[in-house]
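Here's the structure we're looking at; comments come further down.
What you see is a predicted model; the values in this text were computed from it and never measured.
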Amino acid sequence: MSPEESERKNIESGNAPQSVPFGEALRVWVRVALLSFGGPAGQIAVMHRILVEEKRWLSESRFLHALNYCMLLPGPEAQQLATYVGWLLHKTKGGLTAGLLFILPGFISILVLSMLYASYSRSTVVEAIFFGIKPAVMAVVVEAVIRIGRRALRNKVMVLLAAAAFVAIFFFSVPFPLIILCAAAIGFAGERMGMHGIFNTAREDGPEDANGNGFVVTAEAANHTRPTIGRAVKLVAVMSLLWLGPIAIIAGVLGRGSIFTEEGLFFSKVAVVTFGGAYAVLAYIAQQAVSTYGWLGPGEMLDGLGMAETTPGPLIQVVQFVGFMGAYRNPGPFDPLTAGIIGSVVTTWVTFVPCFLWIFLGAPYIENLRGNRSLGSALSAVTAAVVGVILNLAVWFSIHTMFGAVNDVRAFGMTLHVPVWETVDLASVAIAAGAFVLIFLFRLGMIPTLALSAAAGLAYRYLIV
């Protein structure tokens, strides 16, 4: 008997689990939000432990099914997974509650840190702390490359995809969205051509439960919202208005050239191309924010990443720091601090409103799909390409952290980032080496490593320099 048939039999016999009271779910989502440190891997692990193992609200199979869909979407998969499960439990109200609470602690933390950074970044203490954090972030990003690479690069074809993605973005500056689209097309086409063992490397889901029951979210409960064309059109219209309406109002009041309009449009575009997690898109954001718009410098981008790494919430909330600093330095009719707060809110709004659209629009349909191999192959190919993109991020950050000057040499259609060796910062190299030892040799966690690196920065600035 299939899990779905077992669930229906339990419902008909009156043995189905009771629904979760909204108040109880609210307390759990607050708990998940406060524990959402450590990037998407840690956040997903926390949700799995609480929702599947402890509360038994949904089965292993349904949890993985939801996660696979969220990984196919642009945006932070952990936040979207929380929204998905909230929707399963309490429809739209539950999805909004789970998704917003997942964001809120990180939003408040990064807003406060951004204000302190903008006001006191020139102080010796703040500068010393971030001097130590920057090299450590390099180790964190490299660890992410290795962790994702071990999972994604299971054969030579996948390694080749990762290498091609790295060369395309690092040497030829191919746009990140184009790399993702090409990888997805290759994976999809490969599956359609019968190359099952190459692109679709995901393990088969295990049985939901020995008897297919005992969970709150049953097959019947998961179908509480029937997908219809009318519902989809209405949802897209409402969510698009919520997403883009504020940008239109800002453009009408302050003009198309306003920093807030520019940030709203740019991060709206980012919101639809953030496939593969925050590390993958950070290279694209850094390239545009630093080189194209001049909102902040390469070192400051690392500072923002350090903030996002050490606060709860999705790692992609580093964009909030970028939005704050860009508006702080281009305040227009406002004072810098007010402009920074507005930029922070605008950036966060356009980054996360689309996340709710993807879930509320697609979840009713995705609940009817199980084990779609073509989508799985596309995702596997995208994940392989993302490894190459994250490697690009690690190399880019490393060069700009350890060297005071980097020259861009153009030849044969390529751009080579050549460091000026005379500008090497030996203190940064030493702190980076220490962070690598802590993470890879002593298996120390990310937050303790960043804390020790910050302490090393303080010690260097106060005791040595």
Any side-chain heavy-atom pair from [X] and [Y] closer than 4.5 angstrom?
X      : Y      : value
Pro76  : Phe102 : no
Val322 : Glu263 : no
Phe360 : Leu96  : yes
Val28  : Trp57  : yes

Any idea which heavy atoms bring Phe321 and Leu296 closest together, and the distance?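 Heavy-atom minimum between the residues: CE2-CD1, 3.7 Å.
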Closest non-hydrogen atom pair, Val272 against Trp243: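 Heavy atoms of Val272 and Trp243 come nearest at CG1-CH2, 3.6 Å.
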To the nearest 0.5 Å, what is the distance between [atom1] on [X] and [atom2] on [Y]?
X      : Y      : atom1 : atom2 : result
Thr449 : Phe442 : OG1   : CZ    : 11.0 Å
Leu302 : Ser428 : CG    : OG    : 10.0 Å
Ile259 : Ile250 : CD1   : CD1   : 11.0 Å
His417 : Phe171 : NE2   : CZ    : 8.5 Å
Met325 : Asp303 : CE    : CG    : 9.0 Å

For the side chain of Glu300 and the backbone of Gly297, is there at least one donor-acceptor N/O pair under 3.5 Å apart?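 Pair found, side chain donor or acceptor close to backbone of Gly297.
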Knowing that exactly one of Val20, Leu51, Leu58 qualifies, which makes a side-chain contact (heavy atoms from CB on, under 4.5 Å) with Leu89?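 The single option meeting the side-chain contact (heavy atoms from CB on, under 4.5 Å) with Leu89 is Val20.
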Intermediate values then yes/no, salt bridge (Lys or Arg N to Asp or Glu O under 4.0 Å), Glu143 and Arg443: CA-CA 11 Å; Glu143 194 270 338; Arg443 304 294 181 186; over 6 Å; no
Measure from the ring center of Phe267 to the ring center of Trp349 and say whether it is less than 6.0 Å.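 They do not qualify: ring centres at least 6.0 Å apart.
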Could you go step by step and tell me if Trp29 and Thr97 meet the side-chain hydrogen bond (donor to acceptor under 3.5 Å, both in side chains) rule? CA-CA 8 Å; Trp29 293 125; Thr97 300; over 6 Å; no
Residues Thr347 and Gln320: side-chain donor-acceptor under 3.5 angstrom: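 Result is no, nothing qualifies.
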N/O donor-acceptor pairs under 3.5 Å from side chains in residues 159-169, not counting sequence neighbours:
none

Let's go through Glu24 and Lys55 carefully: what are the C-alpha distance in whole Å and the side-chain angles of both, what is the deciding distance for salt bridge (Lys or Arg N to Asp or Glu O under 4.0 Å) to 0.1 Å, and is it a yes or a no? CA-CA 11 Å; Glu24 181 184 351; Lys55 295 295 183 179; 3.7 Å; yes
